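Worksheet: the structure to be examined is printed underneath.
Since the model is a prediction, treat every value here as computed from it, not as a measurement. In what follows, chains are A, B, ... by sequence order, proteins preceding strands, each numbered from 1.
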Protein chains: 2
Amino acid sequence: MKLTDAKFKFITSWGVFGSQWGINKTMAQIHGLLLVAEQPLSTEEVMETLQISRGNANMNIRSLIDWGLVYKESKIGERKEFFRGEKDIWVVSKRVVKMRHEKELLPLLRLLEELNCQEITDGDPKSITIYKETIQDISKFAKQADTMLTRVENANENWFWKKLMKLFIR
Amino acid sequence: MKLTDAKFKFITSWGVFGSQWGINKTMAQIHGLLLVAEQPLSTEEVMETLQISRGNANMNIRSLIDWGLVYKESKIGERKEFFRGEKDIWVVSKRVVKMRHEKELLPLLRLLEELNCQEITDGDPKSITIYKETIQDISKFAKQADTMLTRVENANENWFWKKLMKLFIR
DNA sequence: ACAAACTTTCAGTTTTTACTGAAAGTTTAA
DNA sequence: TTAAACTTTCAGTAAAAACTGAAAGTTTGT
């Protein structure tokens, strides 16, 4: 098998996995491409390799930069921008965790807070109690998850895995 | 605020959060509805409450059953099927983790295994080495994540949080 | 100040995903 | 064995998400 073919296989699959997470296929493919690229690539090279339009390439590269998974670079003597993928997979996952934390858990916490504060004025008292308990349970859980995620986001790789592995070996 | 309104607010938002994860909006709404329902509900009641068609309700309820988030129940004297939501949020998350583990991580592990085995016959030796290292790093990480997830899936709630909290408080 | 080189935006289009509703299938009771 | 009561399926349709490409915007060197 040729190296190029292996890389293409990786990129394509990375796209599929990405789309199973909330990340769109092209965004994941660009990320995959930059993960296995030895040198930073230009927008043109990304467009060409993945056969996508300029707009598409540009938008998704921006997104990846927002996520902290790709960095903008310039080469001396070149006016074009080049893009370098974050290669440290631990850093990549921390960024993804952080993004999902913010976009998925924090809004839930806010909603639960709001529902917890709302006085329920109308309804069968027993039903109200049951409902409040349900919301309380979910809140408690969400808060614990929040604490844990915050800590993962600030953890150091070796320390994290070492501790975590130890933890699970009863 | 009326109890019914609060519940509706919860259900609608639960749908939004669901759709940010891979779960489709209606599936998440049905789940939300059954989370705050005191009694098991019939397909008809779900259809009516969420204003959705029979086919849609049926399909998504099946999905929820597959995920282990909803149980089928029968009431004596009633021919209809009723559906009860899993209320223990810890159980709910374990099921979701398990599902995502199977659908998202295992296929990645298989791909990486495959790429690791493939002999690369053609390409610059140095480039091949770099590529192999990249794949190796990702593999190593994916395997650790796999081990961890498997253990979470089998963990007991109190034990899990207690240990985890201890772990993170340096 | 100009224009070449490059990046960003966005209206229109394509692709993908989800939903409807009616028809087919299944179960139960008489 | 029949039919009523219920569940499932799926072809067609609607809604949502992603992509294209050309036009507008920006930066840089002379």
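Among the protein residues, A:Asn24 comes within range of the sugar-phosphate backbone only, with heavy atoms under 4.0 Å from sugar or phosphate atoms but none that close to a base.
Computed from coordinates, the A:Ile61 CD1 to D:dA18 C1' distance equals 16 Å when rounded to whole Å. Between B:Asn56 atom CG and C:dA22 atom C1' the separation is 15 Å, expressed in whole Å. Taking atom CE on B:Met59 and atom P on C:dG21, their separation rounds to 14 Å, with Å as the unit. In this structure, B:Lys80 places its NZ atom 16 Å from C1' of C:dT28, rounding to the nearest Å.
With distances taken from any side-chain atom of A:Lys72 to the nucleotides D:dA5, C:dT8, C:dC19, the minimum falls on C:dT8. Residue B:Arg79 places its side chain closer to D:dA5 than to any other of D:dT8, D:dA5, C:dC19. Of the candidate nucleotides C:dT8, D:dT7, D:dA18, C:dT8 has the atom lying nearest to any side-chain atom of A:Asn58. Across D:dT20, D:dT8, C:dT7, the shortest atom-to-atom separation from the side chain of A:Ile52 is found for D:dT20.
Ring to ring, A:Trp14 and A:Phe10 are close: their centroids are under 6.0 angstrom apart.
Looking only at atom types and distance, the side chain of A:Asp146 has a donor-acceptor partner in the side chain of A:His101 under 3.5 Å away.
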Point to revise | Full working for side-chain hydrogen bond (donor to acceptor under 3.5 Å, both in side chains) between B:Ser139 and B:Asn116 | key: CA-CA 9 Å; B:Ser139 293; B:Asn116 269 324; 3.0 Å; yes
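When the side-chain nitrogen and oxygen atoms of A:Thr43 are compared with OP1 and OP2 of C:dC6, none of them lie within a distance under 4.0 Å.
Figure legend: cation-pi geometry between B:Arg95 and B:Trp90 absent, as NZ or CZ is not positioned both under 6.0 Å from the six-membered ring centre and within 45° of its axis.
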